[in-house]
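We use all heavy atoms of the structure for the numbers below, so side chains are in, but hydrogens, waters and symmetry mates are not. Numbering of residues begins at 1 and proceeds along the displayed sequence.
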Amino acid sequence: MLLAPSILSADFTRLAGHTREALAAGANWLHIDAMDGHFVPNLTIGPLIVEALRGVKAETGCTLDCHLMIENPERYVDAFAEAGADIVTVHQEACVHLHRVVEHIKAAGAKAGVAVNPATPLSTLDEILPYVDLVLVMSVNPGFGGQSYIPTSTDKIARLRRTLRQRGLDGVLVEVDGGIKPSNVREVVDAGADVIVAGSAIFRGDVAANVQAFRRAVEIAV
């Protein structure tokens with residue numbers, strides 16, 4: 001399991017230190033949620049924050065995983081890639097020409113991910129799966145942190161994993177975001193998730209202890 005703390009829940013008055021703390025404790029990636037107030041009902045951060053985290057990336061070797069919850073994401077792909085994003089994930093629901101956007105991300109030098117909301121069927125990804133590096137399954141409705149995990153997401157993750165195996169696409173990572181805690185992470189990993197995004201469950205309280213709790217839960221799972 002790769003653990004990707006969402007900086008949406010970090011303390012922005014000490015963002016570099018807070019993220020370093022999570023990475024030192026055993027986290028692997030930093031998950032950066034960009035929201036535009038239109039595609040989702042919240043307004044968050046942009047490429048400048050990604051650029052500000054480049055120092056943390058240089059020190060730790062972490063992956064900067066950028067999730068664009070925005071309309072017309074193709075307008076911002078280059079800006080996020082130039083800021084230092086290693087992965088740029090866009091929403092299936094936000095892209096009229098999804099293949100074109102995926103190719104744009106790769107041409108900009110980043111890996112390409114596609115996200116689907118809880119009510120979006122996996123069948124909408126049938127044609128794009130061979131071209132992506134990652135699929136992000138939203139297990140809450142995007143827009144705000146601290147929501148509860150939608151239980152039907154577990155079956156959706158398992159079905160996606162089966163589809164990838166059947167099509168010989170084992171190199172495509174399955175990422176899951178929303179409501180994941182040490183108490184339910186085993187269920188998510190057992191279903192087939194490779195990357196776990198967690199925000200408040202990592203950054204609220206003792207960060208090192210929270211990361212270790214996730215690790216212990218997964219060690220039991222595997």
**Asked** Would you say Q147's side chain and N141's backbone share a donor-acceptor pair under 3.5 angstrom?
**Response** yes
**Message:** I'd like to know if the side chain of Y149 reaches the main chain of T154, judged simply by a donor and an acceptor atom lying under 3.5 Å from each other, with no hydrogens or angles considered.
**Reply:** yes
**Message:** Ignoring hydrogens, what is the shortest heavy-atom contact between V211 and A22? Give both atom names and the distance.
**Reply:** CG2-O, 4.0 Å
**Request:** Kindly indicate, with the supporting measurements, whether the criterion side-chain contact (heavy atoms from CB on, under 4.5 Å) is fulfilled by L30 and L23.
**Result:** CA-CA 8 Å; L30 293 177; L23 294 164; 4.2 Å; yes
**Asked** Are I202 and F12 grouped together when hydrophobic residues (ILVMFWY) are joined by side-chain heavy atoms under 4.5 angstrom apart?
**Response** yes
**Message:** Would a single hydrophobic cluster contain both V197 and L15, if residues Ile, Leu, Val, Met, Phe, Trp and Tyr are joined by side-chain heavy-atom contacts under 4.5 Å?
**Reply:** no
**Main-chain N/O of A112 paired with D133 side-chain donor or acceptor, under 3.5 Å** = yes
**Prompt:** Are any side-chain N or O atoms of N28 and backbone N or O atoms of L3, one a donor and one an acceptor, separated by less than 3.5 Å?
**Reply:** yes
**Message:** For the backbone of A209 and the side chain of D206, can you confirm whether one donor and one acceptor N or O come within less than 3.5 Å of each other?
**Reply:** yes
**Prompt:** Any side-chain donor paired with an acceptor under 3.5 Å for Q92 and T120?
**Reply:** no
**Salt bridge flag under 4.0 Å for residues R14 and E21** = yes
**Message:** Whether the side chain of T60 engages the backbone of C62 through a donor-acceptor N/O pair (distance < 3.5 Å, no angle test) should be reported.
**Reply:** yes
**Request:** Could you point out which residue of R161, R162, R167 forms a side-chain contact (heavy atoms from CB on, under 4.5 Å) with R165?
**Result:** R161
**Item:** Polar side-chain atom of D36 near backbone of E71 as donor-acceptor pair, under 3.5 Å
**Value:** yes
**Asked** Which value, rounded to the nearest 0.5 Å, describes the distance between L134 atom CG and D65 atom CG?
**Response** 6.5 Å
**Same cluster (ILVMFWY, side-chain, under 4.5 Å), V40 and I32** = no
**Prompt:** Closest heavy-atom contact between S139 and V176?
**Reply:** OG-CG1, 3.6 Å
**Message:** Quick check on Y76: does its OH atom have over 12 non-hydrogen neighbours (other residues, nucleotides or ligands) under 6.0 Å away?
**Reply:** no
**Prompt:** Side chains of V174 and V195: does their closest heavy-atom pair fall under 4.5 Å?
**Reply:** no
**Within 6.0 angstrom of K106 NZ, more than 12 heavy atoms from elsewhere** = yes
**Prompt:** So, for V140 and I150, which heavy atoms are closest and what is the spacing to 0.1 Å?
**Reply:** CA-CD1, 3.9 Å
**Message:** Nearest 0.5 Å, please: how far is CG in L173 from CG in D194?
**Reply:** 5.0 Å
**Message:** Whether the T13 and D11 side chains hold a donor-acceptor pair (N or O, under 3.5 Å, no angle test) is what I'd like checked.
**Reply:** yes
**Request:** Write down the atom of I157, the atom of A193, and the distance for their closest heavy-atom approach.
**Result:** CG2-N, 3.9 Å
**Request:** Establish, from distance only, whether the side-chain atoms of H31 and D33 form a donor-acceptor pair under 3.5 Å.
**Result:** yes
**Asked** Are the charged groups of R100 and E74 less than 4.0 angstrom apart, N to O?
**Response** no
**Fill in**
Minimal heavy-atom distance between F39 and M69, with the atoms involved, is CD2-C, 3.6 Å
**Asked** Which heavy-atom pair separates V172 from V132 by the least distance, and what is that distance?
**Response** CG2-O, 3.5 Å
